[in-house]
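In this text the structure is predicted, and so the values were computed from the model without any measurement. Here is the naming used below: chain letters follow the sequence lines, and residue numbers restart at 1 for every chain.
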There are 2 protein chains.
Amino acid sequence: MQLQPACTASNFTAAPRQAAPEAGACGQRIADALKLIATLLEPQRRVVHAGDVIYRAGEPFSRLHILNSGLFKLLSLSADGREQVVGLRLRGDWLGFSAIAGGVYACDAIAMDTGEVWTVPYDALLRACSRHPELTAIVHEAMSHEIVRDRDSLIALCTLPADARVVAFLQFWADSLARRGLRTDQISLRLTRAEIGNYLGLTLETVSRVLSKLARARLIAFNEKNRRDICIPDFHALGAFVQRREAGVGLH
Amino acid sequence: MQLQPACTASNFTAAPRQAAPEAGACGQRIADALKLIATLLEPQRRVVHAGDVIYRAGEPFSRLHILNSGLFKLLSLSADGREQVVGLRLRGDWLGFSAIAGGVYACDAIAMDTGEVWTVPYDALLRACSRHPELTAIVHEAMSHEIVRDRDSLIALCTLPADARVVAFLQFWADSLARRGLRTDQISLRLTRAEIGNYLGLTLETVSRVLSKLARARLIAFNEKNRRDICIPDFHALGAFVQRREAGVGLH
DNA sequence: CGCAACCTTGACACTTGTCAACACAAGTGG
DNA sequence: CCACTTGTGTTGACAAGTGTCAAGGTTGCG
């Protein structure tokens, strides 16, 4: 059984790329998966608001969550008490996979906006999967996708300098929106500088400086009176900016 | 159906921890999983040697691989040609999960040592899972474990300074060995400084300097005439070293 | 108005990368 | 046996990138 190629969303890499050329297709794909989940699993549906906790690290695991809408962050609490944003999740993503191995949730999942969460007991999911192979395919694909995405962000964080990380973040963000059929030229970050920096392994000052630099270079533009909404006039130029800098570093 | 807590191997974090207190239990757990896989799936078995390629990025996906012995690295090739080590895999780990979503392998998997690889067609695995729920549990746990492990290393790479990363790497390594029932006081890294640095997002010089510093502080000791084999006399002291530095950084 | 969040910018220090030189071991071929 | 090469590891000097600290600006809200 060969799976058809998914919209693997090679998000969060340095390669310059047009924003989601397969936008519609992938949005459809997500919609189809959600519809199948809705009909086969009849998940419990819940509307959440900014700040609502889906689960916390350490809680016993018994249910998985599928996001129908909204924006969510995954927070990992290190031993010394600092929080680290380890992922952002949107419509079509699953929450809770990381808890299967340990029996307890491995991080906090928190809504950053109004959204709808579907919840299914894990054992019910397993039973449904044994009856419906197409559901198994969707679950495995979602887990696999999460592995690929995490790996991509790992590479970005390991190898890219600060400004390239911020650019990669902007590309990732626009990609995620485009793939769900939303407009990408005018985007709202919905994260503070501190949260972006935390996610990217940078300080908030560095994020602010990079954004200012990009704005001075006309690669992005801030909305009037609101520096969280930004506009990306030319996607290709944004990626090329990073490429140029990397080439410069290589020179003597 | 509540899963029993697995040996989640919170490898690769900053928290000081004794090396694998549950060593035997976890080795047994891996052995049980392998036995189940062997009997239910009758995988094709193959002996590999250092440098052998299990798969390459871009090859079409149809089979998963389970490692019975040996050491393997996952290499991700970025757009501009640089290689990045994105993971190390040992006995009991699976290879190929990241290919499920995309239909093609997402990275290279290369043996670094003599070992034995078991290979199963993915569709055969799915069929077996539908008949044997306990196999599904093992597969899901392995995928979940991979997600957790990747996330842990992400945190380490994002938030830790260079010396803490190297210490975390040593702890991860000793943990991995201990969990499989091997001795941890005398370990062979089997990686060059360059490979360690690549994996940790550091240069080989930085890795070398950190190891020298640890050796000067008597936290590790090099083997005579072979600086790849190292000895860790006191595991707790190694972790405490990082904690102390972090506390120092916080002071004014 | 005052206050709290959030953002920006500058000066400075520190960590780490870059470049270079050298040491050492293993293999190769004269 | 000795040069020579290659791969690996160590160490130092220096520079670049980024974090830290501090000050001030803007927005929104009670």
Between P of dC7(C) and CD1 of I230(A), the distance in whole Å: 12 Å

Rounded interatomic separation in angstrom, taking CG from L189(B) and C1' from dT8(D): 14 Å

Integer-rounded Å distance: dG7(D) P and R193(B) CZ: 18 Å

Sugar-phosphate only, base, or nothing, as touched by G197(B) at under 4.0 Å among non-hydrogen atoms: nothing

Backbone of S188(B) reached by a side-chain donor or acceptor of W173(B) within 3.5 Å: yes

Between dG17(D) (P) and R165(A) (CZ): distance, integer Å: 14 Å

Distance, rounded to the nearest Å, where L191(A) contributes CG and dC7(C) contributes P: 10 Å

Under 3.5 Å side-chain donor-acceptor pair for R45(B) and N68(B): no

Is there any protein nitrogen or oxygen under 3.5 Å from a nitrogen or oxygen in nucleotides 9-13 of chain C, and what are the pairs?
| from | atom 1 | to | atom 2 | distance (Å) |
| --- | --- | --- | --- | --- |
| dT9(C) | OP2 | S212(A) | OG | 2.6 |
| dG10(C) | N7 | R209(A) | NH1 | 2.8 |
| dG10(C) | O6 | R209(A) | NH2 | 3.4 |

Aromatic plane relationship, F172(B) with F169(B) - under 30° parallel, 30 to 60° tilted, over 60° perpendicular: tilted

Axis deviation across the helix from dC1(C)-dG30(D) to dG30(C)-dC1(D), five-pair ends, to the nearest 10°: 20°

Spacing between K213(B) atom NZ and dT10(D) atom P, to the nearest angstrom: 15 Å

Distance-only side-chain donor-acceptor flag, R151(B) / S76(A), under 3.5 Å: no

Side-chain donor-acceptor pairs under 3.5 Å in residues 109-119 of chain B, sequence neighbours left out?
| from | atom 1 | to | atom 2 | distance (Å) |
| --- | --- | --- | --- | --- |
| D113(B) | OD2 | R190(B) | NH1 | 3.3 |
| E116(B) | OE2 | W118(B) | NE1 | 2.6 |
| T119(B) | OG1 | H65(B) | ND1 | 2.9 |

Donor-acceptor pair, side chain of N226(A) and main chain of N223(A), under 3.5 angstrom: no

Atom-to-atom span, CG of L214(B) to P of dT10(D) - whole angstrom: 12 Å

Donor-acceptor pair, side chain of R89(B) and main chain of F72(B), under 3.5 angstrom: no

Residue T203(A), side-chain atoms from C-beta onward, closest of dC6(C), dG9(D), dG19(D): dG19(D)

Expected output: side-chain Q84(A) to main-chain N198(A) donor-acceptor under 3.5 Å: yes

Side-chain donor/acceptor of S208(A) to backbone N/O of L204(A), under 3.5 Å: no

For atom CG of L200(B) and atom P of dT15(C), their distance in whole Å: 18 Å

